[in-house]
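Quick note on labels: first sequence line is chain A, next is B, and so on, each numbered from 1.
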Amino acid sequence: MAQPAKPLRHAWDVTAAEAVAIQQRLRTQIQLTPLQQPVRLIAGVDTGFTDEGRTARAAIALYRFPELEPLECVTALDPVRFPYVPGLLSFREIPVVLKALEQLGQRPDLLLCDGQGIAHPRRVGIATHLGLVTGISSIGVGKSRLTGHYREPGQDKGDRSPLMAGSERIGTVLRSRSGVRPLFVSPGHLVTHQEAVDWVLRCLTRYRLPEPIRMADRIASARGTKK
DNA sequence: GCGACAG
DNA sequence: ATCTTGTCGC
């Protein structure tokens with residue numbers, strides 16, 4: 001017998017209006033509290049696109065701290081189901097990131113995400129969203145500004161200035177390397193502003209991006225190393 | 001109405 | 001994000 005057409009929908013298949021409503025609810029759960037456990041496992045998270053933007057590829061690179069020794073890398077592919085809309089990035093990238101996270105053999109103590117944490121119009125950037133969904137402490141590391149005002153920080157590595165939204169602090173504009181464009185660091189969930197900056201600094205080597213994210217970036221874009 | 005706008 | 005070679009600068 002012919003079955004009645006069922007509207008097959010995935011949990012993450014929402015409209016832009018629904019996404020905003022979800023963010024407004026999630027916003028109330030954010031906790032900018034100090035880390036409650038020693039950080040031994042740090043995961044860098046990033047997403048890339050291929051197939052003319054129809055397929056998303058998430059990459060997660062796990063590192064042991066303080067050695068910054070690479071432990072394992074996992075990836076996941078998923079068809080894109082949500083367009084890029086400034087402010088709603090997490091609804092486009094989180095599904096495939098969760099898929100990759102499930103393949104990780106160990107649970108990270110901290111997530112370093114490519115994108116904003118609370119430095120977002122409704123305070124729910126992808127790092128915050130991911131932290132709320134997983135319960136894992138998370139930090140947002142954006143390569144450019146989404147929202148907020150700031151004074152240009154000094155040109156030396158470590159120089160910084162607060163990222164503000166009115167009188168509220170939403171992050172830190174941090175020079176991760178002398179002479180390069182600054183990073184926009186903000187707490188995702190379960191970490192403080194100070195810790196967010198400290199952990200990004202502790203994961204830096206000789207590049208602009210902290211090592212875990214830099215590695216995830218290369219793997220997600222699948223073109224950093226020509227085989 | 002006119003800009004701004006993570007990846 | 002992605003399309004793309006060489007080139008300028010420390």
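- Within 4.0 Å (heavy atoms only), A/F49 reaches sugar-phosphate atoms of the nucleic acid but no base atom.
- As rounded to whole Å, 17 Å separates atom C1' of C/dA1 from atom CD1 of A/I94.
- In this structure, A/E195 does not pair ionically with A/R202, as no charged nitrogen and carboxylate oxygen lie closer than 4.0 Å.
- Between A/D156 and A/R175 there is no salt bridge, since no side-chain N of the basic residue sits under 4.0 Å from a carboxylate O of the acidic one.
- We find that CG of A/L183 is positioned 12 Å from C1' of B/dA6, with the value rounded to whole Å.
- At least one side-chain nitrogen or oxygen of A/R145 sits closer than 4.0 Å to the OP1 or OP2 atom of B/dC5.
- Rounded to an integer number of Å, the gap from CD1 of A/I118 to P of B/dA6 is 18 Å.
- In this structure, A/G53 reaches neither bases nor backbone, as no heavy-atom distance under 4.0 Å exists between it and the strands shown.
- Relative orientation of the A/F82 and A/F91 rings is tilted, given thresholds of 30° and 60° on the angle between their planes.
- Here A/Y84 counts as stacked on B/dG7: its ring centre is under 5.5 angstrom from the base ring centre and the planes meet at under 30°.
- Rounded to whole angstrom, the span from the CZ atom of A/R54 across to the P atom of C/dA1 amounts to 19 Å.
- Rounded to whole angstrom, the span from the NZ atom of A/K157 across to the P atom of C/dC10 amounts to 20 Å.
- Put simply, CD on A/E93 is 10 Å from P on C/dT2, counting in whole angstrom units.
- To the nearest angstrom, P of C/dA1 lies 15 Å from CD1 of A/I219.
- Residue-level contact check: A/L88 touches the bases, meaning some heavy atom is under 4.0 Å from a base atom.
- Rounded to an integer number of Å, the gap from A/D51 CG to C/dA1 C1' is 14 Å.
- Considering only side-chain atoms of A/K143, the nucleotide from B/dA6, C/dA1, B/dC5 that sits closest is C/dA1.
- Residues A/Q36 and A/L190 form no side-chain contact, since every pair of their non-hydrogen atoms from C-beta on lies 4.5 Å or further apart.
- Base contact: A/G87 has a heavy atom under 4.0 Å from a base atom.
- Between A/Y150 and A/F184, the ring-plane angle classifies as perpendicular under the 30° and 60° cut-offs.
- For the OP1/OP2 pair of B/dC5 and a distance below 4.0 Å, the side-chain nitrogens and oxygens of A/S144 include no atom meeting the criterion.
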